[in-house]
Amino acid sequence: MLDENRGQRLVILGTGGTIAGRAAQSGDNVGYVAGQVSVADLVAAVPALAHLPLVVEQVAQIDSKDMGLPVWQALARSLAAHLDDPAVSSVLVTHGTDTLEETAFVLQQVLQPRKPVVLTCAMRPASALSPDGPQNLSDAVAVARQATGGCVVVVCAGQVHAARDVAKVHTYQLNAFDSGDAGPLARVEEGGVRRFRAWSAGDSRDAAPAQASPDLLERFLAAEALPRVELVTSHADADGNLVRALAAQPAPARPLKGIVVAATGNGTVHRSLVEALNEAKASGVRVVLASRCARGRVVPHAGLAFEHSHGLSPVKARLALALELLMG
Ligand code: ASP
């Protein structure tokens, strides 16, 4: 699939997910196994891609619920090498939907790409009667070819989302992703990309807490584990037992370094949990408040019990803090 068309080459990296899933029956959209079909076969199933200068590479073959540092490192390593190649115009990644927003965010933070990086996925397995993967892949290629400038975006169900804003919001609908208040960056309409707003590093309305630096990619690739940051939820009838148990764990290889709280509303936290979090903070653990609300952000104000997540969702705030701690 290689060609000499310098500067035009698209690279497609496969990591598994439902887009590469297979079920025993074609009518089964939920009882399938993710990560069964090779990325080469996914690409071959879209005839419109046959004439394009493509390179495909199978980086992993997993259900993205099991995503973690080793696959992120393999992806970041491969992406960095391909993005550095002047023959490559952009890189696509096929991925499961469950942790897509986390991978998109991590890649944006550690790579700060200058070329388009487009992640895509599917909600139905490749074996479905009517799979959504081929259309999503075709749309992602259209976005990769028409995007100018660099940043990590997610393409699903005809929408383009920024890494910073995107979240999976539905368990089975084909349009399972949403960009909250920011809205999508663009739509894909019969192969054309209709932009709604500037296409930069995630349309940050807040400064990202962990700004990428040249050292970050190097440290990320060399890390044996990310600094340990746990996620806890504030809820009615909460107490501080979970936080105290976390803080009290013997500290072998990965001592607790941070806690992100999926707080209620505008960063409010159950008073019993606040007590335990203050104890953790006093012992040197960073505590960051994100909101468990699907929309809005924690608006900074003097009454906040702890630092806020700069508009990041709980799962992304967890990663941002881990990356910040990685930089020491
Ligand atoms: N569990 C699957 C995954 O994330 C779900 C999907 O891809 O839609 O790999």
Side-chain angles (χ1 to χ4, degrees), residues 11-22 30 32-39 42 57-80 82 91-111 113 117-126 133 136-137 140 152-156 161-172 176-178 202 210 212 216-217 219-231 254 258 260 262 290 312-323 325-326:
V11 177
I12 306 188
L13 308 178
T15 68
T18 294
I19 190 169
R22 232 190 242 124
V30 291
Y32 59 86
V33 181
Q36 301 297 301
V37 182
S38 72
V39 64
L42 296 181
E57 193 179 303
Q58 194 77 51
V59 172
Q61 188 61 298
I62 64 166
D63 185 319
S64 84
K65 73 178 177 58
D66 300 323
M67 187 54 70
L69 185 62
V71 176
W72 282 337
Q73 286 170 325
L75 258 184
R77 202 171 280 120
S78 174
L79 272 157
H82 286 301
V91 184
L92 287 87
V93 180
T94 59
H95 196 288
T97 59
D98 287 344
T99 56
L100 186 54
E101 67 216 63
E102 289 167 75
T103 297
F105 181 74
V106 163
L107 294 178
Q108 175 64 49
Q109 294 298 102
V110 302
L111 292 170
V117 174
V118 182
L119 275 57
T120 194
C121 57
M123 290 298 286
R124 289 181 183 156
N136 285 344
L137 186 54
V152 179
V153 298
V154 169
V155 172
C156 183
H161 302 276
R164 183 187 165 86
D165 299 315
V166 68
K168 185 174 180 182
V169 295
H170 205 281
T171 56
Y172 60 84
F177 289 89
D178 190 82
L216 180 57
L217 179 60
R219 289 204 194 182
F220 182 77
L221 292 178
E224 282 182 13
L226 290 177
R228 183 157 168 230
V229 179
E230 297 289 350
L231 190 53
R254 287 184 76 203
V260 169
L312 293 174
S313 66
V315 290
K316 290 179 191 170
R318 194 191 78 81
L319 289 167
L321 182 54
L323 292 176
L325 291 165
L326 185 65

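All residue numbers refer to positions in the sequence shown, counting from 1.
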Listed partners of Glu57 passing side-chain hydrogen bond (donor to acceptor under 3.5 Å, both in side chains), at least two apart: Ser78, His82

Residues in side-chain hydrogen bond (donor to acceptor under 3.5 Å, both in side chains) contact with Thr97, at least two apart in sequence or another chain: Lys168

Got a donor-acceptor contact below 3.5 angstrom from the [X] side chain to the [Y] backbone?
| X | Y | result |
| --- | --- | --- |
| Lys316 | Ala163 | yes |
| Arg219 | Leu326 | yes |
| Asn136 | Cys121 | yes |

If I compare all heavy atoms of [X] with all of [Y], which pair ends up nearest, and what's the gap?
| X | Y | answer |
| --- | --- | --- |
| Val37 | Gly21 | CG2-O, 4.2 Å |
| Leu107 | Leu119 | CD1-CD1, 4.4 Å |
| Gly258 | Leu321 | CA-CD2, 4.0 Å |
| Met67 | Thr99 | CB-OG1, 3.4 Å |
| Val155 | Ala140 | CG1-N, 3.9 Å |
| Ala290 | Ala317 | CB-CB, 4.3 Å |

About how many Å separate [atom2] of [Y] and [atom1] of [X], when rounded to the nearest 0.5 Å?
| X | Y | atom1 | atom2 | result |
| --- | --- | --- | --- | --- |
| Ser64 | Ile19 | OG | CD1 | 11.5 Å |
| Arg318 | Leu312 | CZ | CG | 13.0 Å |
| Leu323 | Phe220 | CG | CZ | 6.5 Å |
| Leu216 | Leu221 | CG | CG | 9.0 Å |
| Glu101 | Arg164 | CD | CZ | 13.5 Å |
| Leu319 | Leu231 | CG | CG | 10.0 Å |

Applying the side-chain contact (heavy atoms from CB on, under 4.5 Å) criterion to Val117, which one of Val11, Leu79, Val153 satisfies it?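 Between Val117 and the candidates, side-chain contact (heavy atoms from CB on, under 4.5 Å) is satisfied uniquely by Leu79.
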
Would you say the side chain of [Y] lies within less than 4.5 Å of the side chain of [X], judging by non-hydrogen atoms?
| X | Y | answer |
| --- | --- | --- |
| Val166 | Leu100 | no |
| Pro113 | Gln108 | yes |
| Ser313 | Phe105 | no |
| Leu13 | Val39 | no |

Residues two or more places apart in sequence or in another chain: which of them pass salt bridge (Lys or Arg N to Asp or Glu O under 4.0 Å) with [X]?
| X | answer |
| --- | --- |
| Glu102 | none |
| Asp63 | none |
| Arg22 | none |

Set of residues satisfying side chain to side chain contact (heavy atoms under 4.5 Å, CB included) with respect to Ala80, sequence neighbours excluded: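 Here the qualifying residues are Leu111, Leu217.
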
Which residue, Thr103, Thr120, Thr18, forms the side chain to side chain donor-acceptor pair (under 3.5 Å) with His95?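 Passing option: Thr103.
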
